[in-house]
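For the numbers below, each heavy atom of this structure counts, side chains included, while hydrogens, waters and symmetry mates do not. In what follows, residues are counted from 1 in the order of the sequence shown.
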Amino acid sequence: MGTERVSKFIQLIEGIHKNIQKIKLSTAPFLGVKSVHVFWISDLFLHPEGLTAAELASNSKISRSLVSRELSDLHKKGYILIAQGGGAKRGNYNSRIFLTEKGLSLAKTILGIEQRIQKETRNGISDEELFVFYRTLEKFSNNLRRIAEED
């Protein structure tokens, strides 16, 4: 029974991840950005004080080098501003990154899409069930992270 549960858990998590990727891949071209940019734009919107490339990489679980390369594209398109203060060089992982007005507009569109998806995915799920689910999922994540670091 335990092995079946582990297998089912893995199938469900991988299925959720694949569906999220599919949604991002189908939505991003409509927005004029790459799917990898969608999370960063949302993350920057939620942090008006700005984030660093290192923080974006950590939050999205994507390598810092990929984040650095892709941020250049967002900067060229006018979605983000990379702070130059404090002697930091452009591209430095510790430079603060902010959304421009164009980026804020895109973020609001993305958040609207995210809210619609969130509303549809929680159909038939009570607030209490959702609270327990997220609390449990966080514990699973922390336990798996600990196991992965031990190995």
Side-chain angles (χ1 to χ4, degrees), residues 1-75 77 79-83 92-100 102-151:
M1 183 80 157
T3 302
E4 290 174 15
R5 283 188 183 161
V6 170
S7 180
K8 185 68 172 177
F9 174 79
I10 292 169
Q11 288 173 348
L12 289 170
I13 293 297
E14 287 180 352
I16 289 168
H17 182 260
K18 285 178 184 176
N19 286 322
I20 290 169
Q21 294 298 69
K22 192 183 240 184
I23 291 167
K24 284 185 351 184
L25 284 171
S26 67
T27 305
F30 161 74
L31 298 170
V33 293
K34 295 179 182 177
S35 62
V36 73
H37 299 157
V38 173
F39 177 82
W40 299 335
I41 296 289
S42 296
D43 205 16
L44 287 166
F45 182 80
L46 296 173
H47 295 90
E49 73 283 5
L51 292 169
T52 64
E55 290 168 330
L56 285 172
S58 176
N59 293 351
S60 61
K61 309 292 188 257
I62 295 177
S63 74
R64 291 181 353 160
S65 61
L66 176 62
V67 171
S68 182
R69 285 191 306 273
E70 292 296 331
L71 286 178
S72 176
D73 188 39
L74 285 175
H75 184 258
K77 290 182 178 181
Y79 291 114
I80 61 169
L81 173 68
I82 301 173
N92 182 313
Y93 293 125
N94 294 317
S95 296
R96 305 249 11 114
I97 301 161
F98 304 90
L99 290 175
T100 61
K102 184 177 178 182
L104 285 169
S105 177
L106 177 59
K108 289 174 185 174
T109 301
I110 291 169
L111 290 173
I113 293 167
E114 288 174 350
Q115 287 173 347
R116 178 187 58 80
I117 291 169
Q118 211 173 52
K119 183 179 178 184
E120 290 180 31
T121 57
R122 69 171 291 175
N123 188 21
I125 302 170
S126 71
D127 289 342
E128 182 182 336
E129 290 172 313
L130 203 57
F131 175 79
V132 170
F133 169 76
Y134 281 117
R135 186 178 64 197
T136 304
L137 190 60
E138 186 174 9
K139 288 178 182 180
F140 267 113
S141 179
N142 291 337
N143 290 340
L144 287 169
R145 184 181 315 108
R146 181 183 42 77
I147 292 166
E149 289 171 357
E150 287 174 1
D151 291 343

Enquirer: For the residue pair Gly103 and Ile41, what are the closest heavy atoms and their distance?
Expert: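 Shortest heavy-atom contact: O-CG2, 4.0 Å.
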Enquirer: State, with a plain yes or no, whether a side-chain heavy atom of His37 is found less than 4.5 Å away from one of Tyr79.
Expert: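 The answer is no, as the side chains (C-beta and beyond) never meet within the 4.5 Å cut-off.
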Enquirer: Determine the minimum heavy-atom distance between Ala83 and Ser95, stating which atoms define it.
Expert: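 So the minimum-distance heavy-atom pair works out to O-CB, 3.7 Å.
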Enquirer: Within this structure, what is the CD1-NZ distance for the pair Ile117 and Lys24, rounded to the nearest 0.5 Å?
Expert: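 The distance works out to 11.0 Å.
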Enquirer: Taking side chain as C-beta onward, heavy atoms only, is Val6 less than 4.5 Å from Thr3?
Expert: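 Sidechains of Thr3 and Val6: no contact.
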Enquirer: Taking Glu55 first and then Arg96, would you say they form a salt bridge - that is, a charged N and a carboxylate O separated by under 4.0 Å?
Expert: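 Answer for the salt bridge query: yes.
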Enquirer: For Gly15, does its backbone N or O pair with a side-chain atom of Asn19 as donor and acceptor, under 3.5 Å?
Expert: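 Flag set: sc Asn19 to bb Gly15 pair under 3.5 Å.
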Enquirer: Has Thr27 got a side-chain atom pairing as donor or acceptor with Ile23's backbone, closer than 3.5 angstrom?
Expert: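 The answer is yes, because a donor-acceptor pair under 3.5 Å joins these two groups.
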Enquirer: Distance check, rounded to the nearest 0.5 Å: Asp73 atom CG versus Lys34 atom NZ?
Expert: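 Those atoms lie 5.0 Å apart.
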Enquirer: Salt-bridged, Glu120 to Arg116, with N to O below 4.0 Å?
Expert: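 Salt bridge: yes.
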Enquirer: With a 4.5 Å cut-off on side-chain heavy atoms, are Leu56 and Ile62 touching?
Expert: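 A side-chain contact under 4.5 Å is absent here.
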Enquirer: Is Lys8 salt-bridged to Glu4, going by a charged N under 4.0 Å from an acidic O?
Expert: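 Salt bridge: no.
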Enquirer: Can you give me the closest heavy-atom contact between Trp40 and Ser60, atom names plus distance?
Expert: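 Between these two residues, the closest heavy atoms are NE1-OG, 3.1 Å.
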Enquirer: Assess whether side-chain hydrogen bond (donor to acceptor under 3.5 Å, both in side chains) is satisfied between Glu114 and Ser42, documenting all intermediate values.
Expert: CA-CA 9 Å; Glu114 288 174 350; Ser42 296; 3.0 Å; yes
Enquirer: For residues Ile97 and Thr52, report the shortest heavy-atom separation together with the two atoms involved.
Expert: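 Heavy atoms of Ile97 and Thr52 come nearest at CD1-C, 4.0 Å.
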Enquirer: Can you tell me how far apart CD1 (Ile125) and CZ (Phe131) are? Round to the nearest 0.5 Å.
Expert: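 One finds 15.5 Å between CD1 of Ile125 and CZ of Phe131.
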Enquirer: Does the side chain of Glu138 reach to within under 4.5 Å of the side chain of Tyr134, using non-hydrogen atoms?
Expert: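 No, their side chains stay 4.5 Å or more apart.
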Enquirer: Could you tell me the separation between the CD atom of Gln115 and the CG atom of Leu111, rounded to the nearest 0.5 Å?
Expert: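 Result: 6.5 Å between the selected atoms.
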Enquirer: Set out, in order, the CA-CA distance, both residues' side-chain angles and the distance that settles salt bridge (charged side-chain N to carboxylate O under 4.0 Å, His left out) for Glu14 and Lys18, then state yes or no.
Expert: CA-CA 6 Å; Glu14 287 180 352; Lys18 285 178 184 176; 5.2 Å; no
Enquirer: Are Phe98 and Leu44 packed together at the side-chain level, in the sense that at least one heavy-atom pair is separated by less than 4.5 angstrom?
Expert: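 In short, these two side chains do not touch, never coming nearer than 4.5 Å.
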Enquirer: Short question: side chain of Glu129, backbone of Ser126 - any donor-acceptor pair under 3.5 Å?
Expert: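 Checked: pair present.
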Enquirer: Check this for me: Lys102, atom NZ, are more than 12 non-hydrogen atoms of other residues, nucleotides or ligands nearer than 6.0 Å?
Expert: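 Counting neighbours around NZ of Lys102, more than 12 heavy atoms of other residues, nucleotides or ligands fall under 6.0 Å, so yes.
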Enquirer: Can you give me the closest heavy-atom contact between Ala53 and Val67, atom names plus distance?
Expert: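 Residues Ala53 and Val67, closest heavy atoms: O-CG1, 3.8 Å.
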Enquirer: Quick check for you: to the nearest 0.5 Å, what is the distance between His47 atom NE2 and Leu99 atom CG?
Expert: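 Output value for this atom pair is 11.5 Å.
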Enquirer: Rounded to the nearest 0.5 Å, what separates atom OG1 in Thr100 from atom CG in Leu106?
Expert: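 The OG1 atom of Thr100 sits 9.0 Å away from the CG atom of Leu106.
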Enquirer: Has Ser26 got a side-chain atom pairing as donor or acceptor with Lys22's backbone, closer than 3.5 angstrom?
Expert: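 Indeed, once roles are kept as given, a pair shorter than 3.5 Å links the two residues.
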Enquirer: Counting N and O atoms only, with roles assigned by atom type, does the side chain of Ser141 sit under 3.5 Å from a partner on the main chain of Leu137, one being a donor and the other an acceptor?
Expert: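 Between the backbone of Leu137 and the side chain of Ser141 there is no qualifying donor-acceptor contact (under 3.5 Å).
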Enquirer: Between Asn142 and Arg145, which heavy-atom pair has the shortest distance, and what is it?
Expert: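 Where Asn142 meets Arg145 most closely, the heavy atoms are OD1-NH1, 2.9 Å.
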